[in-house]
S.K.: 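Take a look at this one; I'll ask things after.
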Amino acid sequence: MAVPRHVAIIMDGNGRWAKKRALPREAGHTMGAKNVEKIAEAADNLGIEYITYYAFSTENWERPQKEVDKLMALLSDYMKTSIKKTTKNNIRVRVIGDISRLSQKLQKDILNLEDASSKNTGLKMQLAINYGGRDEIVRAVNKAYDEMDSEGKPFRITQETISSYLDTKDIPDPDLLIRTGGEMRLSNFLMWQLSYAELYFTDRMWPEFSKEDLKEAIDVYEKRDRRYGGLKE
């Protein structure tokens with residue numbers, strides 16, 4: 001079975017899931033947060049090594065303030081309650097994105113979880129928070145420029161240069177992208193890293209996306225012919 005090494009997930013449909021049930025959008029986000037651990041555990045059992053969730057984008061700040069506040073509270077709660085769970089399940093958690101815009105409390109919660117899970121050797125789970133693919137590339141180029149300029153080195157950008165300064169520099173590119181909720185776009189997620197990933201879209205809303213749905217996505221992935229722009233004889 002050709003299980004993807006790295007699966008990236010755009011967790012879409014929380015608000016619509018709640019609306020169909022006459023619930024506030026915040027209820028959908030709460031249920032969606034609970035599904036993160038379930039799918040991570042299922043991914044680990046299937047032999048997936050890395051999973052990256054799109055938790056909060058650089059564009060999500062434009063949502064109503066009440067919803068943003070709820071999302072920030074959910075993220076903070078997740079960081080604190082996940083320390084025991086990640087230890088039990090041997091999951092290492094890292095956050096990618098520009099966390100400098102987040103509250104000092106949330107930044108501290110993130111660092112605590114990263115530190116507590118840093119020695120875990122099982123599934124590597126990335127949470128993209130205040131993350132945007134274009135923003136990541138701009139930050140990578142600026143970091144490369146600042147370092148090379150400070151060392152007086154000639155400045156020449158290559159693909160390898162950019163890759164080495166991305167938030168995901170120590171993580172293999174995703175093999176499979178899953179987007180729930182029925183939309184068919186990347187929404188500024190891992191724009192550099194998804195260049196040759198297989199894409200899988202499902203109408204399932206994120207709170208109802210199950211381990212069976214994950215297995216179905218992998219079954220589809222296994223049937224794909226990945227040529228990376230080349231040809232196979």
Side-chain angles (χ1 to χ4, degrees), residues 7-43 51-82 85 93-99 101-103 105-107 109-110 113 125-136 167 174 176-191 193-194 197 199-218 220:
V7 175
I9 302 180
I10 299 176
M11 305 178 289
D12 198 12
N14 292 332
R16 283 172 286 158
W17 178 89
K19 184 177 180 181
K20 285 183 178 180
R21 291 158 178 77
L23 297 170
R25 287 178 58 86
E26 291 80 4
H29 294 309
T30 299
M31 289 301 296
K34 292 179 179 179
N35 206 28
V36 167
E37 292 288 346
K38 294 178 183 177
I39 297 303
E41 184 177 351
I51 190 166
T52 301
Y53 292 109
Y54 205 6
F56 190 89
S57 77
T58 50
E59 291 74 36
N60 285 158
W61 296 106
E62 302 302 319
R63 294 189 176 189
Q65 190 60 48
K66 180 181 177 182
E67 184 173 349
V68 170
D69 290 344
K70 177 63 176 178
L71 286 167
M72 291 296 111
L74 274 173
L75 288 169
S76 184
D77 287 343
Y78 179 85
M79 299 302 159
K80 288 180 287 189
T81 60
S82 288
K85 293 177 184 177
V93 181
R94 290 177 55 181
V95 171
I96 62 173
D98 181 6
I99 69 169
R101 186 174 175 181
L102 306 177
S103 69
K105 179 180 181 300
L106 180 51
Q107 290 184 48
D109 292 336
I110 288 171
L113 177 56
M125 182 167 72
Q126 290 69 235
L127 300 173
I129 301 176
N130 193 32
Y131 175 89
R134 292 182 175 181
D135 176 71
E136 180 188 26
D167 298 343
L176 172 66
L177 168 75
I178 298 171
R179 179 168 187 150
T180 61
E183 303 292 350
M184 301 176 71
R185 55 179 177 268
L186 298 181
S187 296
N188 199 20
F189 184 45
L190 298 174
M191 303 297 289
Q193 299 88 335
L194 289 172
L199 309 182
Y200 179 85
F201 301 99
T202 174
D203 289 333
R204 288 275 196 189
M205 301 301 170
W206 173 246
E208 61 192 9
F209 187 81
S210 67
K211 60 182 180 181
E212 290 77 20
D213 294 317
L214 177 62
K215 180 61 168 59
E216 181 178 338
I218 292 174
V220 171

S.K.: Looking at Ala43 and Ile51, what are the two nearest heavy atoms and their distance?
M.R.: CB-CD1, 4.1 Å

S.K.: Atom CG in Asn60, atom CG in Asn130: separation rounded to 0.5 Å?
M.R.: 9.0 Å

S.K.: Any side-chain heavy-atom pair from Tyr131 and Asp98 closer than 4.5 angstrom?
M.R.: no

S.K.: Assign the ring pair Tyr53 / Trp206 to parallel, tilted or perpendicular, where the plane angle (0 to 90°) is split at 30° and 60°.
M.R.: perpendicular

S.K.: Any side-chain heavy-atom pair from Asn14 and Pro207 closer than 4.5 angstrom?
M.R.: yes

S.K.: Which pairs of donor and acceptor atoms, one on a side chain in residues 72-79, lie under 3.5 Å apart (sequence neighbours left out)?
M.R.:
{"from": "Ser76", "atom 1": "OG", "to": "Lys105", "atom 2": "NZ", "distance (Å)": "2.9"}
{"from": "Ser76", "atom 1": "OG", "to": "Asp109", "atom 2": "OD2", "distance (Å)": "2.6"}
{"from": "Tyr78", "atom 1": "OH", "to": "Glu37", "atom 2": "OE2", "distance (Å)": "2.8"}

S.K.: Applying side-chain contact (heavy atoms from CB on, under 4.5 Å), run through Leu127 and Arg94 and close with a yes or a no.
M.R.: CA-CA 6 Å; Leu127 300 173; Arg94 290 177 55 181; over 6 Å; no

S.K.: Just do the side-chain contact (heavy atoms from CB on, under 4.5 Å) check on Met184 and Leu199 with the steps written out, would you?
M.R.: CA-CA 9 Å; Met184 301 176 71; Leu199 309 182; over 6 Å; no

S.K.: The test is side-chain contact (heavy atoms from CB on, under 4.5 Å); show your working for Lys70 and Arg25 and say whether it passes.
M.R.: CA-CA 10 Å; Lys70 177 63 176 178; Arg25 287 178 58 86; over 6 Å; no

S.K.: Taking atom NZ of Lys80 as the centre, does the number of heavy atoms from other residues, nucleotides or ligands within less than 6.0 Å exceed 12?
M.R.: yes

S.K.: Can Ser187 and Arg179 be counted as having a side-chain donor-acceptor contact under 3.5 angstrom?
M.R.: yes

S.K.: Between the side chain of Glu136 and the main-chain N/O of Asp167, is any donor-acceptor distance below 3.5 Å?
M.R.: yes

S.K.: Counting C-beta onward and ignoring hydrogens, is there a side-chain heavy-atom pair between Asp12 and Tyr54 closer than 4.5 Å?
M.R.: no

S.K.: Would you say Ile178 and Ile10 make side-chain contact, with heavy atoms under 4.5 Å?
M.R.: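 The answer is no; the side chains never approach within 4.5 Å.
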
S.K.: Would you mind reporting whether Lys66 and Glu26 have side-chain heavy atoms less than 4.5 Å apart?
M.R.: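 Touching, per the 4.5 Å side-chain cut-off.
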
S.K.: Write down the atom of Trp17, the atom of Gly28, and the distance for their closest heavy-atom approach.
M.R.: CE3-CA, 3.8 Å

S.K.: Calculate, to the nearest 0.5 Å, the distance between atoms CD1 and CG belonging to Ile9 and Leu214 respectively.
M.R.: 6.0 Å

S.K.: Mind checking salt bridge (charged side-chain N to carboxylate O under 4.0 Å, His left out) for Arg21 and listing every partner two or more places apart, or none if nothing turns up?
M.R.: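 Arg21 satisfies salt bridge (charged side-chain N to carboxylate O under 4.0 Å, His left out) with Glu208 only.
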
S.K.: Say you draw a straight line from CZ of Phe56 to CZ of Arg63; how long is it, rounded to the nearest 0.5 Å?
M.R.: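 The CZ atom of Arg63 is 7.5 Å from CZ of Phe56, to the nearest 0.5 Å.
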
S.K.: Can you measure from OG1 (Thr202) to CD (Glu183) and round to the nearest 0.5 angstrom?
M.R.: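 Going from the OG1 atom of Thr202 to the CD atom of Glu183 covers 12.5 Å.
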
S.K.: Could you tell me whether a side-chain N or O of Arg16 sits under 3.5 Å from a main-chain N or O of Met205, the two making a donor and an acceptor?
M.R.: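 No; judged by distance alone, with no hydrogens or angles, the pair does not exist.
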
S.K.: Can you find a heavy atom in the side chain of Pro174 that is under 4.5 Å from one in the side chain of Val7?
M.R.: no

S.K.: With distance as the sole test, does Asn35 use its side chain to make a donor-acceptor pair with the main-chain N or O of Phe209 at under 3.5 Å?
M.R.: yes

S.K.: Side-chain contact test, heavy atoms from C-beta onward, threshold under 4.5 Å: evaluate it for Leu186 versus Met191 and give yes or no.
M.R.: yes

S.K.: Side-chain contact test, heavy atoms from C-beta onward, threshold under 4.5 Å: evaluate it for Asp213 versus Thr180 and give yes or no.
M.R.: no

S.K.: What's the spacing between Lys85 NZ and Glu41 CD if we round to 0.5 Å?
M.R.: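 With rounding to 0.5 Å, NZ (Lys85) is 10.5 Å from CD (Glu41).
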
S.K.: Would Leu102 and Ile129 satisfy side-chain contact (heavy atoms from CB on, under 4.5 Å), going step by step from the backbone distance to the final call?
M.R.: CA-CA 9 Å; Leu102 306 177; Ile129 301 176; 3.8 Å; yes

S.K.: State, to 0.1 Å, how close Arg134 and Asn188 come at their nearest heavy-atom pair, and which atoms those are.
M.R.: N-OD1, 2.9 Å

S.K.: The criterion is salt bridge (charged side-chain N to carboxylate O under 4.0 Å, His left out); which residues satisfy it with Glu216, sequence neighbours excluded?
M.R.: none

